[in-house]
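In this text, all values refer to a predicted model and were calculated from it rather than measured experimentally. The figures here come from the full heavy-atom set of this structure, side chains too, leaving out hydrogens, waters and symmetry mates. Each chain gets a letter, A, B and so on, in the order its sequence line appears, and its residues count up from 1.
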Amino acid sequence: MPDTLHLLESCLVAALRAAVPSAPADVDPQVRPTANPQLGDYQANLAMSLAKKLGQKPRDLALAITAQLAHTAAGVVASAEVAGPGFINLRLAADFLQRQTAAMLVDPRLGVAPAAQPEKVVLDYSAPNVAKEMHVHHIRSTCIGDALARVLMFLGHQVARQNHLGDWGTQFGMLLEHLLDQGWTAASSRPIEDLNSLYQQAKSRFDAEPAFAERARKRVVALQAGDPTSVAIWKALTEESLKHFRTAYARLGVLLTDDDIRGESFYNDLLAPTVEELHAKGLAVESQGALCVFPPGFLDRDGNPAAMIIRKSDGGFLYATTDLATLRHSVDDLKGTRLIYVTDARQAQHFAMVFKTAELAGWLQGNVRAEHVPFGTILGKDNKPFKTREGGAAKLADLLDEAEERARRIIEEKNPSLSADEKQQIAHAVGIGAVKYGDLAIDRVKDYVFDWDRMLNFDGNTAPYLQNAYVRIQAIFRKGSLDPQAAAGYPIVFTDPVERSLALKLLQLPAVIDSVAQALEPSRLCGYLYDLASLYHQFYEKCPVLTADSPAVRDSRLALSSVTARTLQKGLDLLGIATIERM
RNA sequence: GCCCUCGUAGCUCAGUUGGAUAGAGCGACGGCCUUCUAAGCCGUAGGUCGCAGGUUCGAAUCCUGCCGAGGGUGCCA
């Protein structure tokens with residue numbers, strides 16, 4: 001099926017070219033849904049920005065374009081009116097909308113065309129640290145990255161998920177040294193909770209005992225050189241951590257598997273060659289005993305060129321080295337043309353320096369581009385970074401427990417007759433979904449306040465609200481003993497304005513998905529799904545389905561319900577959130 | 001000091017890359033269930049879009065300067 005927005009755009013460009021033959025063919029007609037439905041379905045704003053270039057008055061140009069639309073948009077646009085300084089307000093033909101929606105109903109892809117030019121995307125996200133428990137903050141990279149992976153894959157891109165575990169480097173020196181002091185061997189094993197506190201002990205000693213810190217630094221070098229004892233314990237720690245990560249990922253319902261693990265240790269052998277090449281190219285120079293790159297455009301606190309250290313004075317490597325090696329691997333070995341890094345906004349300058357260095361080194365060139373996808377901090381009610389009541393880092397597992405427990409209590413109250421199994425399943429889908437959606441629905445780059453009442457509310461832009469819209473549709477089909485699939489092929493007719501509004505919204509799905517893939521901003525999909533669910537709830541109030549006035553209207557409403565359900569389900573799936581049959 | 005991000009209703013947040021009269025939810029107030037899930041819908045109240053300039057047909061959105069918050073700024077990541 002032709003995409004509604006693209007179709008309108010080509011109608012507008014054709015009308016422009018018919019009205020003004022000298023107009024450029026690649027002009028953006030600036031077609032978008034109107035903010036105010038009273039004015040029309042879509043508006044085209046090209047006349048105002050183009051008028052000056054073409055030497056015409058905006059309104060005259062708009063009128064000339066409008067006159068041509070009768071030919072170029074026959075059967076699609078029912079009316080086009082010029083308003084204000086030169087807006088062209090478009091009202092689409094009802095039968096066009098009805099046919100488009102019916103086509104969407106039978107299309108397995110819901111009208112979303114695969115990308116014209118599929119890309120190899122290397123997507124770096126999640127990246128928890130070995131020997132530490134996952135904490136609340138990890139939901140950000142993990143959920144945002146996972147949603148982006150799903151959207152890009154749905155558009156037909158090849159996505160290489162990269163879980164860049166923190167499994168190497170300075171912190172392991174201190175942890176290993178501390179464990180060896182305690183008599184650890186490779187056979188020692190402790191659950192992740194204990195490792196977490198051992199790590200904290202090691203950190204305190206590192207900060208307080210210079211002699212220990214010195215041994216810890218030497219231990220890093222030993223580990224990186226392959227010392228058997230160090231490596232054996234390191235492997236045991238890693239395996240224990242992987243168990244913990246697998247549990248967390250399964251619970252969150254994200255795509256990541258062991259196959260996606262590309263920890264820092266994976267790049268160990270690439271670090272020295274990367275440094276050597278930068279040195280050979282004259283980009284890295286020695287400064288105060290360390291090897292540094294000074295990418296242009298960055299200043300330190302004294303106003304001097306800012307250093308990015310790629311080799312410490314003791315010979316060790318830092319995360320800049322690893323990130324540069326990772327980037328090269330992504331380009332040279334994985335053949336990625338779009339490299340995406342989903343990390344904390346605090347690393348923005350670090351990545352800007354890494355990308356600039358990679359450009360200068362010739363590793364990022366041509367159609368290959370690297371993008372940092374920054375996100376803000378999760379805050380508590382006190383507007384400070386989210387902590388437990390005791391002031392420690394809040395564990396992700398505890399948060400998810402509480403989410404499911406809160407959801408379970410609400411279900412118990414609202415729908416006590418469900419079976420225990422079903423309550424548990426619903427509590428899981430609703431609780432986890434609410435937390436993930438709460439994270440995804442907010443403009444990525446902003447800090448946000450973690451608020452159970454916002455996330456688990458059944459009104460407003462929340463996962464439960466969307467899940468409930470889906471559940472209500474399933475209830476209709478269940479009540480009528482009908483298969484939602486059976487509605488495929490039913491013609492759609494509008495008998496109430498809300499049906500038309502619902503169809504218009506449904507047909508905006510492709511544009512929204514494209515926009516998410518381009519801006520790497522899942523909240524846009526959330527906003528769309530919320531609008532859609534809200535319209536469906538209005539439809540549900542005003543338009544009885546099973547008891548509609550005629551069989552034709554009933555079938556049409558079944559069709560609208562069916563395609564809405566599929567759109568909600570697909571949209572939530574792209575966000576990594578489950579739908580349920582009852583709640 | 002320099003650089004980056006953010007500042008929208010009492011609270012939590014949207015605002016389709018510059019479009020028309022800035023929208024939701026919570027909280028407050030008032031309606032709607034013998035009828036497909038009221039886990040919903042409808043209505044009322046609530047705004048100097050941090051402040052001041054600028055750019056233009058048009059600015060919450062872009063530019064400049066202030067104010068405020070957070071972050072970064074060489075041997076952690």
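When each of Arg215(A), Arg205(A), Arg217(A) is checked for a side-chain hydrogen bond (donor to acceptor under 3.5 Å, both in side chains) with Glu177(A), only Arg215(A) meets the rule.
Within 6.0 Å of the CG atom in Asp549(A), the count of heavy atoms belonging to other residues, nucleotides or ligands does not exceed 12.
Aromatic ring centres of Tyr341(A) and His164(A): separated by at least 6.0 Å. Separation of the His350(A) and Tyr319(A) ring centroids falls under the 6.0 Å cut-off.
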When you check every protein heavy atom under 4.0 Å of nucleotides 17-22 of chain B, what one-letter string (B, S, -) results, 5' to 3'? B-BB--
In B/S/- notation, 5' to 3', how is nucleotides 71-77 of chain B contacted by protein heavy atoms closer than 4.0 Å? SSBBBSB
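Rounded to whole Å, the distance from CE on Met308(A) to C1' on C3(B) is 16 Å. In this structure, Tyr528(A) places its OH atom 17 Å from C1' of A14(B), rounding to the nearest Å. Between the CZ atom of Phe375(A) and the P atom of U5(B) there is a distance of 17 Å, given to the nearest Å. Whole-Å rounding puts the Phe386(A) CZ to G70(B) C1' distance at 19 Å. When the C1' atom of C36(B) is taken as reference, atom OH of Tyr536(A) falls 8 Å away, rounded to whole Å. As rounded to whole Å, 20 Å separates atom P of U16(B) from atom CG of Leu8(A). Counting to the nearest Å, the C1' atom of C42(B) and the NE2 atom of His537(A) are 14 Å from each other. For the pair Arg444(A) CZ and U16(B) C1', the computed distance is 16 Å after rounding to whole Å.
Within the 4.0 angstrom heavy-atom criterion, base atoms lie near Pro544(A). Within the 4.0 angstrom heavy-atom criterion, only backbone atoms of the sugar-phosphate kind lie near Lys52(A); the bases stay farther away. Within 4.0 Å of Leu546(A), counting heavy atoms only, lies at least one base atom of the nucleic acid.
C62(B) sits 23 Å from A69(B) when the C1' atoms are compared, rounded to a whole Å. Comparing the P positions of A60(B) and A20(B) gives a spacing of 9 Å, expressed to the nearest Å. Across G46(B) and G27(B), the matching C1' atoms stand 11 Å from one another, rounded to whole Å. Annotation: A45(B) and G10(B) have their C1' atoms spaced 12 Å apart (nearest Å). Distance noted for atom C1' between A59(B) and C49(B): 11 Å (whole Å). Remark: the separation of the C1' atoms in A14(B) and C51(B) is 24 Å, to the nearest Å. The same atom, C1', is picked in C42(B) and in C33(B); the two are 14 Å apart, to the nearest Å. Here the separation of G30(B) from U21(B), taken at their C1' atoms, is 25 Å to the nearest Å.
In this structure U17(B) sits in the syn conformation; its chi angle is within 90° of 0. In C11(B) the base sits anti relative to the sugar, since the glycosidic angle is further than 90° from 0.
In this model, the phosphate group of G7(B) is approached by a side-chain N or O of Lys446(A) to a distance below 4.0 Å at OP1 or OP2. For C41(B), one of the phosphate oxygens OP1 or OP2 lies less than 4.0 angstrom from a side-chain nitrogen or oxygen of Tyr465(A).
Of the candidates U56(B), C36(B), U12(B), the closest approach to any side-chain atom of Asn383(A) belongs to U12(B). Among the nucleotides G25(B), C36(B), U56(B), the one closest to any side-chain atom of Tyr540(A) is C36(B). Set against U12(B), G70(B), C41(B), the side chain of Asp447(A) has G70(B) as its closest nucleotide.
Taking 4.0 Å as the cut-off between side-chain N and carboxylate O, Arg91(A) and Glu81(A) do not count as a salt-bridged pair. Under 4.0 Å is where a charged nitrogen must lie from a carboxylate oxygen, and between Asp382(A) and Lys384(A) no such pair does. The existence of a salt bridge linking Glu412(A) and Arg408(A) is confirmed by a sub-4.0 Å separation between a basic side-chain nitrogen and an acidic carboxylate oxygen.
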Checking Asp323(A) against Tyr267(A) for the side-chain hydrogen bond (donor to acceptor under 3.5 Å, both in side chains) test, could you report, in this order, the C-alpha distance in whole Å, the side-chain angles of both residues, the deciding distance, and whether it holds? CA-CA 9 Å; Asp323(A) 283 340; Tyr267(A) 299 97; over 6 Å; no
Would you sort out whether Asp439(A) and Tyr448(A) count as a side-chain hydrogen bond (donor to acceptor under 3.5 Å, both in side chains), showing the intermediate values? CA-CA 8 Å; Asp439(A) 196 75; Tyr448(A) 74 88; 2.6 Å; yes
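Using a 3.5 Å distance cut-off with no hydrogens or angles, the side chains of Ser265(A) and Asp167(A) do pair a donor with an acceptor. A side-chain donor from one of Arg557(A) and Thr495(A) sits under 3.5 Å from a side-chain acceptor of the other. Side-chain contact, Tyr437(A) with Asn461(A): a donor N or O sits under 3.5 Å from an acceptor N or O.
Ring-plane geometry between Phe375(A) and His137(A) is classed as tilted, the angle between the planes lying from 30 to 60 degrees on a 0 to 90 degree scale.
In this structure, the side chains of Leu318(A) and Lys312(A) come closer than 4.5 Å at one or more pairs of heavy atoms.
Base pairing in RNA chain B gives the following stems of 3 or more Watson-Crick or G-U pairs, range against range and under 3.5 Å: B:1-7 with B:67-73, B:10-13 with B:23-26, B:28-32 with B:40-44, B:50-54 with B:62-66.
Two residues, Ala348(A) and Ser523(A), neighbour RNA chain B, and the one matched to the more 5' nucleotide by heavy-atom proximity is Ala348(A). Comparing Val545(A) and Ala441(A) by the nucleotide of RNA chain B that holds the closest heavy atom to each, the one mapping nearer the 5' end is Ala441(A).
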